[in-house]
Amino acid sequence: MGFNIVLSSPSGAGKTTITKKISQKYPNIKISISHTTRKPRSNEIDGVDYHFVSKEKFEKLIKENNFYEHAKIFDNYYGTSKKSVNKLHDENYDVVFDIDWQGTKQLSQFKELNLIKIFILPPDKKELKKRLINRNQDNNQIVEKRLKQYENDIQHWFDYDYVVINNDLESCFSQIEKIIKSHKKEKMSFI
């Protein structure tokens with residue numbers, strides 16, 4: 001079984017950016033590409049950012065027990081395919097998951113995944129709002145929905161092994177790298 005890292009955060013705190021930085025710097029760590037019923041943003045590519053599927057297709061995959069985890073977030077489904085994660089492990093890759101607290105709770109039930117769970121927080125809600133507006137991906141209504149969800153999201157930090165504050169992207173990334181490296185060394189010493 002490969003090495004599994006979970007990154008979660010309230011929307012806009014930086015988890016997707018950090019997930020991509022990890023996979024770019026470490027070729028042996030691949031991102032688990034989630035399925036979603038959300039429409040692709042203009043800069044997103046099917047099969048690279050997400051597997052974009054219809055609601056009907058997603059519900060069929062749920063019924064067939066094809067997901068390690070799945071959740072409905074902001075009126076869309078998101079889920080992690082067992083088949084794609086297992087394939088990455090079979091190819092000797094480690095996996096990083098960019099998922100929310102609901103998905104982490106479900107993934108945690110699979111003890112064989114041996115997860116390292118990291119929760120990323122913004123410095124405060126004011127900074128989060130600024131980041132959500134500056135990334136220019138959502139309309140004002142969605143930004144407000146994401147800010148309301150923030151209060152619920154941050155209540156789940158205690159389900160994680162580590163909590164990292166993203167004041168500065170490079171510093172946050174460096175802290176996460178240290179966590180990953182320390183666990184890799186620990187795992188290697190048992191082999």
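Only a predicted model underlies this, so the values are computations on that prediction, with no experimental measurement involved.
- Checked by atom type, the side-chain pair Q102/Y78 shows no donor-acceptor distance below 3.5 Å.
- Residues Y68 and L113 have side chains in contact (heavy-atom distance under 4.5 Å, counting atoms from C-beta outward).
- Between Y150 atom OH and K125 atom NZ the span is 7.5 Å, to the nearest 0.5 Å.
- Counting heavy atoms from C-beta on, the side chains of H70 and F58 come closer than 4.5 Å.
- Here K117 pairs with S108 under the side chain to side chain donor-acceptor pair (under 3.5 Å) rule; sequence neighbours left out.
- Annotation: side chain of I18 is not in contact with side chain of V164 (no heavy-atom distance under 4.5 Å).
- Closest non-hydrogen pair, I5 versus I180, comes out as CD1-CD1, 4.0 Å.
- Closest approach of W101 and N152 over heavy atoms only: CZ2-ND2, 3.6 Å.
- For the residue pair N76 / T36, no side-chain donor-acceptor distance below 3.5 Å is found, with atom types taken as modelled.
- Across K20, R41, K39, a single residue satisfies salt bridge (Lys or Arg N to Asp or Glu O under 4.0 Å) together with D49, and that is K20.
- Between L115 and F97 the shortest heavy-atom distance is CD2-CE1, 4.3 Å.
- Between F158 and V163, the closest side-chain pair of non-hydrogen atoms is not below 4.5 Å.
- Between the side chain of S84 and the main chain of S81, a donor-acceptor pair closer than 3.5 Å is present.
- Side-chain contact check for H89 and N4: at least one donor-acceptor pair (N or O, by modelled atom type) lies under 3.5 Å.
- Side chain of T37 to main chain of Y77: a donor-acceptor pair is present (N/O by atom type, distance under 3.5 Å, no hydrogens or angles).
- Under the 4.0 Å criterion applied to side-chain N and carboxylate O atoms, K30 and E91 are not assigned as salt-bridge partners.
- Residues in residues 65-86 take part in these salt bridge (charged side-chain N to carboxylate O under 4.0 Å, His left out) pairs, two or more places apart or across chains: D75-K145.
- As a member of the Ile/Leu/Val/Met/Phe/Trp/Tyr network built from side-chain separations under 4.5 Å, V48 groups with I45.
- Side-chain contact between I116 and F3 is present, with heavy atoms from C-beta onward closer than 4.5 Å.
- Side-chain atoms of N166 do not come within 3.5 Å of backbone N or O of I120 as any donor-acceptor pair.
- Looking at I33, T17, T16 one by one, the single match for side-chain contact (heavy atoms from CB on, under 4.5 Å) with D98 turns out to be T16.
- Ring planes of H35 and H51: tilted class, angle from 30 to 60°.
- Contact annotation: the side chain of T80 approaches that of I99 to within less than 4.5 Å [non-hydrogen atoms, C-beta and beyond].
- Put simply, CG on N167 and CG on L169 are 11.5 Å apart, with the number rounded to the nearest 0.5 Å.
- Here the shortest heavy-atom pairing between P10 and F119 reads CD-CZ, 4.0 Å.
- Residues E170 and K21 are paired through a salt bridge, judged by an N-O separation under 4.0 Å between the basic side chain and the carboxylate.
- The nearest pair of heavy atoms linking G14 to S9 is N-OG, 4.3 Å.
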